[in-house]
Amino acid sequence: DKVLERAAGHACGAYRVANVDVEARAVYTNNPPCGAMRGFGVPQVTFAIEGLLDDLAEQVGVDGWEIRWRNALESGDRFGTGQLLGPGVGLKRTLEAVRDAYRSARYAGIACGAKNTGIGNGMVEHGRAIVAPQADGTVLLRHSWTEMGQGIHTALRQVAAQELGLAGELIEVVVDTERELDTGETTASRATLLGGQAVMRAARALRAELERSSWEDLVGREFAGEFTVDWTTPIGAGIADPRTHIAYGWATQVVILDDEGRVSKVVA
């Protein structure tokens with residue numbers, strides 16, 4: 001169960017924990033089934049760990065911001081799975097960004113979050129895309145992710161536009177079911193990273209060809225890009241330095257209440 005696996009892997013939240021022992025169980029119940037959406041197992045365990053942080057802050061006499069700052073993961077720390085975090089861990093930057101909003105509010109709550117990108121845990125993952133110049137000066141971008149309103153068309157269009165130096169409206173994005181572009185499900189924040197990298201490679205191949213050919217000469221040709229991740233570590237591998245996921249995202253949110261206890265502002 002990937003949702004349970006994700007919850008177990010994020011059981012320490014976005015914090016530095018020296019000793020970790022997690023046991024996770026999936027239980028069949030008579031409740032209606034529900035699917036994984038927006039967080040994929042992580043919000044549930046984050047809700048729990050953030051509540052614990054608030055309790056600990058009260059017991060030691062510091063505010064919610066301070067206890068999170070003292071325990072926030074940084075580059076060089078180990079995630080709850082044992083993965084050594086490389087450069088780019090942005091949690092403290094997000095904490096700094098909301099500090100004044102939190103401390104200046106009469107009533108406010110604060111919480112941090114970490115979320116993996118990619119399914120990871122030993123699964124080989126692919127991003128694939130094709131760009132094709134059109135006779136009218138536009139570019140047709142083909143990919144195989146499911147667009148269900150989460151915005152993958154927009155994200156990949158932006159990547160292609162930046163790489164090719166074109167306005168976004170000149171990029172037409174389609175979900176292609178004819179070509180061999182299988183990339184798996186769009187869950188686990190995979191599409192922007194894997195798909196974006198594939199689009200970058202495809203667009204750069206087209207750009208390189210444009211340095212020696214005219215646009216008109218390239219109409220009818222397709223330029224493919226692929227990005228493969230085959231270096232994450234399976235669960236239970238028992239190695240000293242597992243790489244459980246490709247990358248992580250970091251966030252802090254502050255919710256400010258009015259005098260009646262209603263939400264007046266959210267700072268994310």
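The minimum heavy-atom distance linking Arg6 with Ile119 is given by the pair NH2-O, 3.3 Å. Here the shortest heavy-atom pairing between Glu5 and Asn121 reads OE2-ND2, 2.6 Å. The nearest pair of heavy atoms linking Ala26 to Leu4 is N-CD2, 3.4 Å. In terms of heavy-atom proximity, Asp77 sits nearest to Ala72 at OD2-O, 4.0 Å. Between Gly195 and Trp145 the shortest heavy-atom distance is CA-NE1, 3.5 Å. Pairing each heavy atom of Ala114 with each of Gly13, the nearest pair is CB-O, 4.3 Å.
The existence of a salt bridge linking Glu209 and Arg221 is confirmed by a sub-4.0 Å separation between a basic side-chain nitrogen and an acidic carboxylate oxygen. Taking 4.0 Å as the cut-off between side-chain N and carboxylate O, Asp259 and Arg106 count as a salt-bridged pair. Residues Arg78 and Asp241 are paired through a salt bridge, judged by an N-O separation under 4.0 Å between the basic side chain and the carboxylate. The pair Arg99-Asp63 fails the salt-bridge criterion, with no side-chain N (NZ, NE, NH1 or NH2) lying under 4.0 Å from an Asp/Glu carboxylate O. Using a 4.0 Å cut-off between charged side-chain N and carboxylate O, Glu74 and Arg16 make a salt bridge. The residues Glu222 and Arg142 are annotated as salt-bridged, a charged nitrogen and a carboxylate oxygen being separated by less than 4.0 angstrom.
Using bins of under 30°, 30° to 60° and over 60° for the plane-to-plane angle, the ring pair His245/His10 lands in the tilted bin. Ring pair His143/His153 is perpendicular by interplanar angle, where above 60° counts as perpendicular and below 30° as parallel.
Judged purely by distance below 3.5 Å, without hydrogens or angles, the side chains of Thr186 and Gln150 pair a donor atom with an acceptor atom. For Thr244 and Gln83, the side-chain atoms include at least one donor-acceptor pair closer than 3.5 Å. In the model, His126 has a side-chain atom that pairs as donor or acceptor with a side-chain atom of Thr228 under 3.5 Å. Checked by atom type, the side-chain pair Gln253/Tyr102 shows no donor-acceptor distance below 3.5 Å.
The neighbour count for Arg103 CZ, taken as heavy atoms of other residues, nucleotides or ligands under 6.0 Å away, is above 12. More than 12 heavy-atom neighbours from other residues, nucleotides or ligands sit within 6.0 angstrom of CG on Asn31. For Glu185, the CD atom is densely surrounded, since the number of other residues' heavy atoms within 6.0 Å is greater than 12. Shown here is Glu260, whose CD atom has more than 12 heavy atoms of other residues, nucleotides or ligands within 6.0 Å.
A donor-acceptor pair is defined here as one N or O able to donate and one able to accept, closer than 3.5 Å; such a pair exists between the side chain of Glu147 and the backbone of Gly149. Judged purely by atom type and a 3.5 angstrom limit, Asn71 has no side-chain atom pairing as donor or acceptor with the backbone of Leu73. Between the Trp215 side chain and the Gln134 main chain, a donor and an acceptor come within less than 3.5 Å of each other. Counting only distance, with no hydrogens or angles, the side chain of Arg190 and the backbone of Thr183 share a donor-acceptor pair below 3.5 Å. Glu172 places no side-chain N or O within 3.5 Å of a backbone atom of Thr138 that could act as its donor or acceptor partner. Under the 3.5 Å distance criterion, the side-chain polar atoms of Thr232 are matched with a main-chain donor or acceptor of Gly122.
Side-chain heavy atoms closer than 4.5 Å link hydrophobic residues (I, L, V, M, F, W, Y) into clusters, and following such links, possibly through other members, connects Leu170 to Leu218. Linking ILVMFWY side-chain heavy atoms closer than 4.5 Å, directly or via other members, places Tyr248 and Ile246 in two distinct hydrophobic clusters. Cluster membership check: Val175 does not share its hydrophobic cluster with Val199, using side-chain heavy-atom separations under 4.5 Å among Ile, Leu, Val, Met, Phe, Trp and Tyr. Linking ILVMFWY side-chain heavy atoms closer than 4.5 Å, directly or via other members, places Val98 and Leu257 in two distinct hydrophobic clusters. Residues Leu181 and Val229 do not share a hydrophobic cluster, clusters being chains of Ile/Leu/Val/Met/Phe/Trp/Tyr side chains in contact below 4.5 Å.
The structure places CZ of Arg68 at 4.5 Å from CG of Asp54, a figure rounded to the nearest 0.5 Å. Within the model, atoms CG of Leu141 and CG of Leu164 stand 9.5 Å from one another, a figure rounded to the nearest 0.5 Å. Rounding to the nearest 0.5 angstrom, the gap separating the CD1 atom in Ile67 from the SG atom in Cys112 is 11.0 Å. In this structure, CD1 on Ile49 lies 6.5 Å from SG on Cys12, to the nearest 0.5 angstrom. For the atom pair Glu50 CD and Phe47 CZ, the distance stands at 10.5 Å (nearest 0.5 Å). Note that the CH2 atom of Trp65 and the CG atom of Asp100 stand 9.5 Å from one another [nearest 0.5 Å].
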Residues Glu66, Arg70; criterion salt bridge (charged side-chain N to carboxylate O under 4.0 Å, His left out); working and verdict: CA-CA 6 Å; Glu66 181 64 30; Arg70 294 184 188 184; 2.9 Å; yes
Do Arg201 and Glu226 pass the salt bridge (charged side-chain N to carboxylate O under 4.0 Å, His left out) test, and can you show the C-alpha distance, the side-chain angles, and the key distance before you say yes or no? CA-CA 7 Å; Arg201 285 159 169 74; Glu226 181 168 344; over 6 Å; no
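Each of Leu95, Val62, Leu91 was scored for a side-chain contact (heavy atoms from CB on, under 4.5 Å) with Trp69, with one residue passing: Leu95.
The cationic atom of Arg243 (NZ for Lys, CZ for Arg) lies less than 6.0 Å from the six-membered ring centre of Trp231 and within 45° of the ring axis.
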